[in-house]
Amino acid sequence: MGFQVKKAVREKIYVKVALMSPSGGGKTYSALKLATGMANKIEQQTGNRPKILLGNTEAKRGYYYANEFDYDIVDIDAPHNPEKYVEFIEFAVKEGYGILIIDSSSHEWEGKGGCLELQQQAGGTYQAWGKVTPRHNKFIEAIADSPIHLIATMRGKDQYELEKDEKGKTSVKKLGVGAKQRDGFEYEFTCTFLIDQKTHMADVQKDNTHIFENETATLLNESYGEKIMEWADSGEGYTPVVRNKDTGSDVASDDISAVKKEIIAMCTKLGGTKNEELMTTLKNYVPSGNPNAFRDIDKAKECLEKIKAIKPIA
(Lines give C-alpha, C1' and ligand atoms only; values in the text may rest on other atoms or scores of the structure.)
Protein backbone atom coordinates (compact mmCIF):
# COMPACT_ATOMS: atom_id res chain seq x y z
CA MET A 1 0.00 0.00 0.00
CA GLY A 2 1.33 3.44 -0.94
CA PHE A 3 1.18 6.51 1.30
CA GLN A 4 0.79 10.05 0.03
CA VAL A 5 2.69 12.69 1.99
CA LYS A 6 1.53 16.29 1.79
CA LYS A 7 2.02 19.52 3.71
CA ALA A 8 -0.45 19.91 6.56
CA VAL A 9 -2.67 22.94 6.02
CA ARG A 10 -5.07 24.44 8.57
CA GLU A 11 -8.61 24.16 7.22
CA LYS A 12 -11.89 25.68 8.32
CA ILE A 13 -13.81 23.51 10.75
CA TYR A 14 -17.43 22.72 11.45
CA VAL A 15 -17.29 22.93 15.23
CA LYS A 16 -19.03 20.39 17.44
CA VAL A 17 -19.69 21.50 21.04
CA ALA A 18 -21.00 19.37 23.92
CA LEU A 19 -22.68 20.76 27.05
CA MET A 20 -23.22 18.47 30.05
CA SER A 21 -25.15 19.32 33.19
CA PRO A 22 -27.69 17.94 35.65
CA SER A 23 -31.25 19.15 35.20
CA GLY A 24 -31.48 22.86 35.90
CA GLY A 25 -27.89 23.63 34.97
CA GLY A 26 -28.82 25.79 32.00
CA LYS A 27 -27.82 23.59 29.08
CA THR A 28 -30.49 24.87 26.69
CA TYR A 29 -29.90 28.52 27.57
CA SER A 30 -26.12 28.17 27.27
CA ALA A 31 -26.49 26.39 23.92
CA LEU A 32 -28.66 29.20 22.55
CA LYS A 33 -26.20 31.82 23.78
CA LEU A 34 -23.27 30.05 22.12
CA ALA A 35 -25.23 29.49 18.91
CA THR A 36 -26.26 33.15 18.79
CA GLY A 37 -22.66 34.26 19.24
CA MET A 38 -21.57 31.90 16.48
CA ALA A 39 -24.26 33.32 14.19
CA ASN A 40 -23.16 36.87 15.04
CA LYS A 41 -19.56 36.12 14.02
CA ILE A 42 -20.58 34.36 10.80
CA GLU A 43 -22.79 37.33 9.86
CA GLN A 44 -19.95 39.71 10.64
CA GLN A 45 -17.52 37.74 8.47
CA THR A 46 -19.80 36.91 5.53
CA GLY A 47 -22.68 39.39 5.62
CA ASN A 48 -25.15 36.51 5.80
CA ARG A 49 -26.71 35.38 9.06
CA PRO A 50 -27.06 31.59 9.42
CA LYS A 51 -30.30 30.10 10.67
CA ILE A 52 -30.32 28.23 13.98
CA LEU A 53 -32.36 25.05 14.41
CA LEU A 54 -33.05 23.44 17.79
CA GLY A 55 -34.05 19.78 18.02
CA ASN A 56 -36.18 19.65 21.15
CA THR A 57 -36.61 16.46 23.17
CA GLU A 58 -37.38 18.27 26.44
CA ALA A 59 -41.17 18.78 26.22
CA LYS A 60 -41.87 22.55 26.20
CA ARG A 61 -38.44 23.54 27.52
CA GLY A 62 -37.15 24.28 24.05
CA TYR A 63 -39.71 27.08 23.74
CA TYR A 64 -38.84 28.87 27.00
CA TYR A 65 -36.39 31.28 25.41
CA ALA A 66 -38.15 32.07 22.13
CA ASN A 67 -38.55 35.69 23.25
CA GLU A 68 -34.79 36.05 23.80
CA PHE A 69 -33.26 34.28 20.80
CA ASP A 70 -33.99 33.87 17.09
CA TYR A 71 -34.24 30.17 16.23
CA ASP A 72 -36.45 27.54 14.65
CA ILE A 73 -37.47 24.40 16.49
CA VAL A 74 -38.38 20.79 15.74
CA ASP A 75 -39.91 18.56 18.41
CA ILE A 76 -38.26 15.13 18.45
CA ASP A 77 -40.58 12.55 19.98
CA ALA A 78 -40.12 8.87 20.82
CA PRO A 79 -38.93 6.45 19.66
CA HIS A 80 -35.46 7.95 20.07
CA ASN A 81 -33.57 5.49 17.91
CA PRO A 82 -30.20 6.56 16.44
CA GLU A 83 -31.57 6.66 12.90
CA LYS A 84 -34.01 9.42 13.85
CA TYR A 85 -31.15 11.64 15.00
CA VAL A 86 -29.06 10.88 11.92
CA GLU A 87 -32.06 11.78 9.77
CA PHE A 88 -32.60 14.98 11.75
CA ILE A 89 -28.99 16.10 11.23
CA GLU A 90 -29.31 15.38 7.51
CA PHE A 91 -32.58 17.34 7.44
CA ALA A 92 -30.94 20.39 9.05
CA VAL A 93 -28.14 20.36 6.49
CA LYS A 94 -30.54 19.88 3.56
CA GLU A 95 -32.75 22.75 4.75
CA GLY A 96 -29.79 25.12 4.85
CA TYR A 97 -29.39 25.66 8.59
CA GLY A 98 -25.97 26.86 9.65
CA ILE A 99 -26.11 25.93 13.32
CA LEU A 100 -27.85 22.94 14.87
CA ILE A 101 -28.64 22.32 18.54
CA ILE A 102 -29.61 18.81 19.68
CA ASP A 103 -31.26 19.24 23.09
CA SER A 104 -30.69 16.69 24.40
CA SER A 105 -28.67 13.91 22.82
CA SER A 106 -29.10 11.79 25.97
CA HIS A 107 -32.46 10.61 24.65
CA GLU A 108 -30.73 8.77 21.81
CA TRP A 109 -29.02 6.68 24.48
CA GLU A 110 -31.44 6.33 27.39
CA GLY A 111 -34.77 7.63 26.07
CA LYS A 112 -37.78 5.56 25.00
CA GLY A 113 -36.68 3.62 21.95
CA GLY A 114 -33.06 4.68 22.51
CA CYS A 115 -29.99 2.45 22.51
CA LEU A 116 -30.42 1.04 26.01
CA GLU A 117 -33.97 -0.04 25.23
CA LEU A 118 -32.95 -1.38 21.82
CA GLN A 119 -30.29 -3.53 23.50
CA GLN A 120 -32.91 -4.99 25.84
CA GLN A 121 -35.24 -5.67 22.92
CA ALA A 122 -32.40 -7.48 21.17
CA GLY A 123 -32.08 -9.88 24.11
CA GLY A 124 -30.35 -7.83 26.76
CA THR A 125 -27.11 -9.78 26.44
CA TYR A 126 -23.61 -8.51 25.80
CA GLN A 127 -23.89 -9.95 22.31
CA ALA A 128 -26.98 -7.82 21.72
CA TRP A 129 -24.71 -4.77 21.61
CA GLY A 130 -23.41 -6.15 18.32
CA LYS A 131 -26.71 -5.06 16.79
CA VAL A 132 -27.05 -1.73 18.60
CA THR A 133 -23.49 -0.36 18.63
CA PRO A 134 -23.22 0.03 14.83
CA ARG A 135 -26.45 2.04 14.89
CA HIS A 136 -25.13 4.29 17.67
CA ASN A 137 -21.84 4.70 15.80
CA LYS A 138 -23.75 6.01 12.79
CA PHE A 139 -25.08 8.78 15.02
CA ILE A 140 -21.54 9.64 16.17
CA GLU A 141 -20.37 9.70 12.56
CA ALA A 142 -23.27 11.95 11.54
CA ILE A 143 -22.28 14.45 14.23
CA ALA A 144 -18.60 14.37 13.31
CA ASP A 145 -19.00 14.40 9.53
CA SER A 146 -21.95 16.74 9.04
CA PRO A 147 -21.19 20.06 7.28
CA ILE A 148 -22.88 22.12 9.99
CA HIS A 149 -21.87 23.70 13.29
CA LEU A 150 -23.48 21.59 16.00
CA ILE A 151 -24.11 21.90 19.74
CA ALA A 152 -25.29 18.80 21.61
CA THR A 153 -26.52 18.95 25.19
CA MET A 154 -26.35 15.93 27.49
CA ARG A 155 -27.91 15.25 30.83
CA GLY A 156 -25.34 14.89 33.58
CA LYS A 157 -25.19 11.71 35.63
CA ASP A 158 -26.94 12.26 38.95
CA GLN A 159 -24.21 12.11 41.59
CA TYR A 160 -24.23 13.90 44.91
CA GLU A 161 -21.82 15.03 47.62
CA LEU A 162 -22.17 16.61 51.03
CA GLU A 163 -20.64 20.05 51.51
CA LYS A 164 -20.42 22.51 54.38
CA ASP A 165 -20.65 26.29 54.17
CA GLU A 166 -18.65 28.78 56.24
CA LYS A 167 -21.10 28.40 59.15
CA GLY A 168 -20.74 24.63 59.17
CA LYS A 169 -24.17 23.99 57.70
CA THR A 170 -24.27 20.80 55.67
CA SER A 171 -26.07 20.62 52.35
CA VAL A 172 -26.31 18.20 49.46
CA LYS A 173 -24.75 19.28 46.19
CA LYS A 174 -25.84 17.66 42.94
CA LEU A 175 -22.98 16.92 40.58
CA GLY A 176 -23.05 16.23 36.87
CA VAL A 177 -20.04 13.95 36.54
CA GLY A 178 -20.00 12.64 33.02
CA ALA A 179 -22.97 12.41 30.70
CA LYS A 180 -26.00 10.20 30.28
CA GLN A 181 -24.65 8.82 27.05
CA ARG A 182 -22.32 6.02 26.10
CA ASP A 183 -18.99 6.29 27.92
CA GLY A 184 -16.59 8.46 25.97
CA PHE A 185 -19.29 10.08 23.81
CA GLU A 186 -18.48 13.53 25.17
CA TYR A 187 -14.93 13.32 23.82
CA GLU A 188 -16.14 13.15 20.22
CA PHE A 189 -16.55 16.93 20.23
CA THR A 190 -14.33 19.93 19.54
CA CYS A 191 -15.17 21.42 22.94
CA THR A 192 -16.89 19.77 25.89
CA PHE A 193 -18.15 21.63 28.96
CA LEU A 194 -19.50 20.50 32.31
CA ILE A 195 -21.96 23.09 33.70
CA ASP A 196 -22.57 23.43 37.43
CA GLN A 197 -26.22 23.14 38.38
CA LYS A 198 -26.26 25.97 40.92
CA THR A 199 -23.81 28.53 39.53
CA HIS A 200 -24.31 27.71 35.83
CA MET A 201 -20.54 28.12 35.47
CA ALA A 202 -18.89 25.87 32.87
CA ASP A 203 -15.67 23.91 33.32
CA VAL A 204 -14.00 22.83 30.09
CA GLN A 205 -13.44 19.05 29.89
CA LYS A 206 -11.93 19.02 26.42
CA ASP A 207 -10.78 21.93 24.27
CA ASN A 208 -9.24 21.54 20.82
CA THR A 209 -9.53 25.30 20.26
CA HIS A 210 -7.14 26.27 23.13
CA ILE A 211 -9.54 29.13 23.88
CA PHE A 212 -10.59 27.78 27.25
CA GLU A 213 -7.56 25.81 28.43
CA ASN A 214 -6.30 28.61 30.73
CA GLU A 215 -9.78 29.75 31.76
CA THR A 216 -11.29 29.11 35.16
CA ALA A 217 -14.98 28.16 35.33
CA THR A 218 -16.85 30.60 33.11
CA LEU A 219 -20.39 31.60 32.26
CA LEU A 220 -20.93 30.66 28.63
CA ASN A 221 -22.30 33.53 26.57
CA GLU A 222 -22.39 34.97 23.05
CA SER A 223 -18.80 36.23 23.23
CA TYR A 224 -17.51 32.68 23.62
CA GLY A 225 -19.59 31.59 20.65
CA GLU A 226 -17.90 34.35 18.65
CA LYS A 227 -14.45 33.23 19.79
CA ILE A 228 -15.16 29.61 18.86
CA MET A 229 -16.36 30.68 15.44
CA GLU A 230 -13.36 32.92 14.86
CA TRP A 231 -11.09 29.97 15.62
CA ALA A 232 -13.11 27.62 13.39
CA ASP A 233 -12.93 29.95 10.40
CA SER A 234 -9.18 30.62 10.61
CA GLY A 235 -8.36 28.26 7.77
CA GLU A 236 -8.32 27.85 4.01
CA GLY A 237 -11.66 26.18 3.36
CA TYR A 238 -13.72 23.13 4.22
CA THR A 239 -12.83 19.64 3.06
CA PRO A 240 -15.84 17.34 3.17
CA VAL A 241 -15.44 14.15 5.20
CA VAL A 242 -15.90 11.00 3.16
CA ARG A 243 -15.76 7.75 5.10
CA ASN A 244 -14.99 4.44 3.48
CA LYS A 245 -18.23 2.53 3.26
CA ASP A 246 -18.21 -1.25 3.45
CA THR A 247 -20.31 -1.61 0.33
CA GLY A 248 -17.82 -3.67 -1.68
CA SER A 249 -19.13 -2.37 -5.01
CA ASP A 250 -22.00 -0.65 -6.74
CA VAL A 251 -23.96 -3.87 -6.39
CA ALA A 252 -24.78 -3.02 -2.77
CA SER A 253 -26.37 0.23 -3.88
CA ASP A 254 -28.39 -1.61 -6.48
CA ASP A 255 -29.45 -4.18 -3.90
CA ILE A 256 -30.82 -1.62 -1.45
CA SER A 257 -32.75 0.05 -4.27
CA ALA A 258 -34.38 -3.29 -5.04
CA VAL A 259 -35.27 -3.81 -1.37
CA LYS A 260 -36.76 -0.32 -1.19
CA LYS A 261 -38.93 -1.04 -4.21
CA GLU A 262 -40.13 -4.27 -2.63
CA ILE A 263 -40.97 -2.43 0.62
CA ILE A 264 -42.89 0.22 -1.30
CA ALA A 265 -44.82 -2.48 -3.19
CA MET A 266 -45.71 -4.19 0.09
CA CYS A 267 -46.79 -0.87 1.62
CA THR A 268 -49.14 -0.28 -1.30
CA LYS A 269 -50.55 -3.79 -0.94
CA LEU A 270 -51.09 -3.34 2.82
CA GLY A 271 -52.95 -0.03 2.56
CA GLY A 272 -50.13 2.50 2.98
CA THR A 273 -50.51 5.17 5.68
CA LYS A 274 -53.97 3.88 6.60
CA ASN A 275 -52.40 0.73 8.05
CA GLU A 276 -51.29 1.72 11.55
CA GLU A 277 -49.30 -1.47 12.20
CA LEU A 278 -47.42 -0.97 8.95
CA MET A 279 -46.55 2.66 9.71
CA THR A 280 -45.45 1.83 13.26
CA THR A 281 -43.13 -0.86 11.92
CA LEU A 282 -41.70 1.45 9.26
CA LYS A 283 -41.09 4.28 11.73
CA ASN A 284 -39.12 1.98 13.99
CA TYR A 285 -36.56 1.90 11.17
CA VAL A 286 -37.03 5.24 9.39
CA PRO A 287 -38.69 7.90 11.59
CA SER A 288 -40.19 9.64 8.57
CA GLY A 289 -42.00 6.45 7.54
CA ASN A 290 -40.61 6.87 4.02
CA PRO A 291 -39.02 3.67 2.63
CA ASN A 292 -36.75 5.78 0.41
CA ALA A 293 -34.99 7.00 3.58
CA PHE A 294 -33.31 3.61 4.12
CA ARG A 295 -29.50 3.75 3.94
CA ASP A 296 -28.60 0.41 5.53
CA ILE A 297 -29.48 -2.63 3.45
CA ASP A 298 -29.52 -4.97 6.46
CA LYS A 299 -32.06 -2.75 8.23
CA ALA A 300 -34.12 -2.52 5.05
CA LYS A 301 -34.19 -6.31 4.71
CA GLU A 302 -35.09 -6.76 8.37
CA CYS A 303 -37.93 -4.25 8.02
CA LEU A 304 -39.17 -5.98 4.86
CA GLU A 305 -39.42 -9.33 6.63
CA LYS A 306 -41.48 -7.77 9.43
CA ILE A 307 -43.75 -6.03 6.95
CA LYS A 308 -44.42 -9.31 5.17
CA ALA A 309 -46.00 -10.62 8.37
CA ILE A 310 -48.50 -7.73 8.55
CA LYS A 311 -52.06 -8.30 7.41
CA PRO A 312 -53.71 -5.92 4.91
CA ILE A 313 -56.37 -3.63 6.36
CA ALA A 314 -59.93 -4.78 5.80
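Residue L278 is not grouped with residue I264 when hydrophobic side chains (ILVMFWY) are merged at heavy-atom distances under 4.5 angstrom, including chains of intermediate members. Hydrophobic cluster membership differs between M279 and I313, with clusters built from Ile, Leu, Val, Met, Phe, Trp and Tyr side chains linked at under 4.5 angstrom. When the side chains of ILVMFWY residues are joined at heavy-atom separations under 4.5 Å, either directly or via intervening members, V93 and I140 end up in a single hydrophobic cluster. By the rule that hydrophobic residues join a cluster once side-chain heavy atoms approach within less than 4.5 Å of another member, I76 and L100 end up as members of one cluster.
Sequence neighbours left out, the pairs with a member in residues 304-314 that pass salt bridge (Lys or Arg N to Asp or Glu O under 4.0 Å) are E262-K308, E305-K308. Contacts classified as ring pair (Phe, Tyr, Trp, His ring centres under 6.0 Å) and involving residues 274-314 (residues at least two apart or in different chains) are not found. Residue pairs satisfying the ring pair (Phe, Tyr, Trp, His ring centres under 6.0 Å) criterion with at least one member in residues 10-53, sequence neighbours excluded, are listed as follows: Y14-H149, Y14-Y238, Y29-Y65, Y29-F69. Pairs passing the side-chain hydrogen bond (donor to acceptor under 3.5 Å, both in side chains) check and including a residue from residues 72-85, sequence neighbours excluded, read N56-D75, Y63-D75, D72-Y97, H80-Y85, E83-R135.
With sequence neighbours left out, the side-chain contact (heavy atoms from CB on, under 4.5 Å) criterion links E213 to D207, H210. With sequence neighbours excluded, no residue forms a ring-ring contact (aromatic ring centres under 6.0 Å, His included) with W231.
Remark: I195 CD1 to K27 NZ distance equals 7.5 Å, nearest 0.5 Å. One distance of note links CD1 of I148 with NZ of K16; it measures 7.5 Å at 0.5 Å rounding. I73 CD1 to L53 CG: the interatomic distance, rounded to the nearest 0.5 Å, is 8.5 Å. Between the CG atom in L32 and the CG atom in D70 there is a gap of 10.5 Å [rounded to 0.5 Å]. Remark: E11 CD to S234 OG distance equals 11.5 Å, nearest 0.5 Å. Of the inter-residue distances, the one linking S223 atom OG with L219 atom CG reads 9.5 Å to the nearest 0.5 angstrom.
The shortest heavy-atom contact between I228 and V17 is CD1-CG2, 4.5 Å. Nearest approach of I263 to A300, heavy atoms of both residues: CD1-O, 3.6 Å. Contact between A128 and G123 at its shortest, heavy atoms only, is CB-N, 4.4 Å. Heavy atoms only, all atoms of each residue included: G25 and H200 are closest at O-ND1, 2.8 Å. Taking all atoms of both residues into account, the shortest heavy-atom contact from Q197 to P22 is CB-CG, 4.3 Å. Here the closest non-hydrogen pair linking S106 and K180 is OG-O, 2.9 Å.
Between the side chain of S146 and the backbone N or O of I143, at least one donor-acceptor pair lies under 3.5 Å. For K206 (side chain) and F189 (main-chain N/O), a donor-acceptor pair under 3.5 Å exists by modelled atom type. The backbone N or O of T153 sits nowhere less than 3.5 Å from a side-chain atom of D103 that would complete a donor-acceptor pair. Between the S104 side chain and the M154 main chain, no donor and acceptor come within less than 3.5 Å of each other. Between the side chain of T57 and the backbone N or O of H107, no donor-acceptor pair lies under 3.5 Å. Not one N or O on the side chain of T190 forms a donor-acceptor pair closer than 3.5 Å with the backbone of V15. A donor-acceptor contact shorter than 3.5 Å is absent between the side chain of T218 and the backbone of L220.
Put simply, the residue from E108, E186, E58 that forms a salt bridge (Lys or Arg N to Asp or Glu O under 4.0 Å) with R155 is E58.
Side chain to side chain, R182 and T133 meet the donor-acceptor criterion of an N or O pair below 3.5 Å. There is no side-chain donor-acceptor pair under 3.5 Å between N284 and T281.
Side-chain contact between Q181 and E110: absent, with no pair of heavy atoms (C-beta onward) separated by less than 4.5 Å. Residues F193 and S30 fail the side-chain proximity criterion, which asks for heavy atoms closer than 4.5 Å. Looking at heavy atoms from C-beta onward, R49 lies out of side-chain contact with I42 at the 4.5 angstrom threshold. Residues L270 and I307 meet the side-chain proximity criterion, which asks for heavy atoms closer than 4.5 Å. Side-chain atoms of L282 and C303, non-hydrogen and from C-beta on, do get closer than 4.5 Å to each other. Between L118 and Q121 the shortest side-chain heavy-atom distance falls below 4.5 Å. Counting only heavy atoms from C-beta outward, the side chains of E222 and L34 never approach each other to under 4.5 Å. Contact of the F185 side chain with the W109 side chain is not registered, since no non-hydrogen atoms from C-beta on lie closer than 4.5 Å.
A salt bridge does not link K41 with E226: every distance from a Lys NZ or Arg NE/NH1/NH2 to an Asp or Glu carboxylate oxygen is 4.0 Å or more.
Remark: K51 NZ is packed, more than 12 non-hydrogen atoms of other residues, nucleotides or ligands lying under 6.0 Å away.
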Item to complete: Verify side chain to side chain contact (heavy atoms under 4.5 Å, CB included) between K94 and F91, making sure each step is shown before the conclusion.
Response: CA-CA 5 Å; K94 181 180 178 182; F91 168 82; 5.7 Å; no
Worksheet item: Between I151 and I102, does a side chain to side chain contact (heavy atoms under 4.5 Å, CB included) hold up when you go through it step by step?
Response: CA-CA 6 Å; I151 302 171; I102 301 178; over 6 Å; no
Practice prompt. Please assess N48 against E43 for the test side chain to side chain contact (heavy atoms under 4.5 Å, CB included), listing each intermediate value before the final yes or no.
Written response: CA-CA 5 Å; N48 296 314; E43 184 177 23; over 6 Å; no
Fill in: Worked verdict on E215 versus Y224 for side chain to side chain contact (heavy atoms under 4.5 Å, CB included)
CA-CA 12 Å; E215 294 265 1; Y224 285 110; 3.5 Å; yes
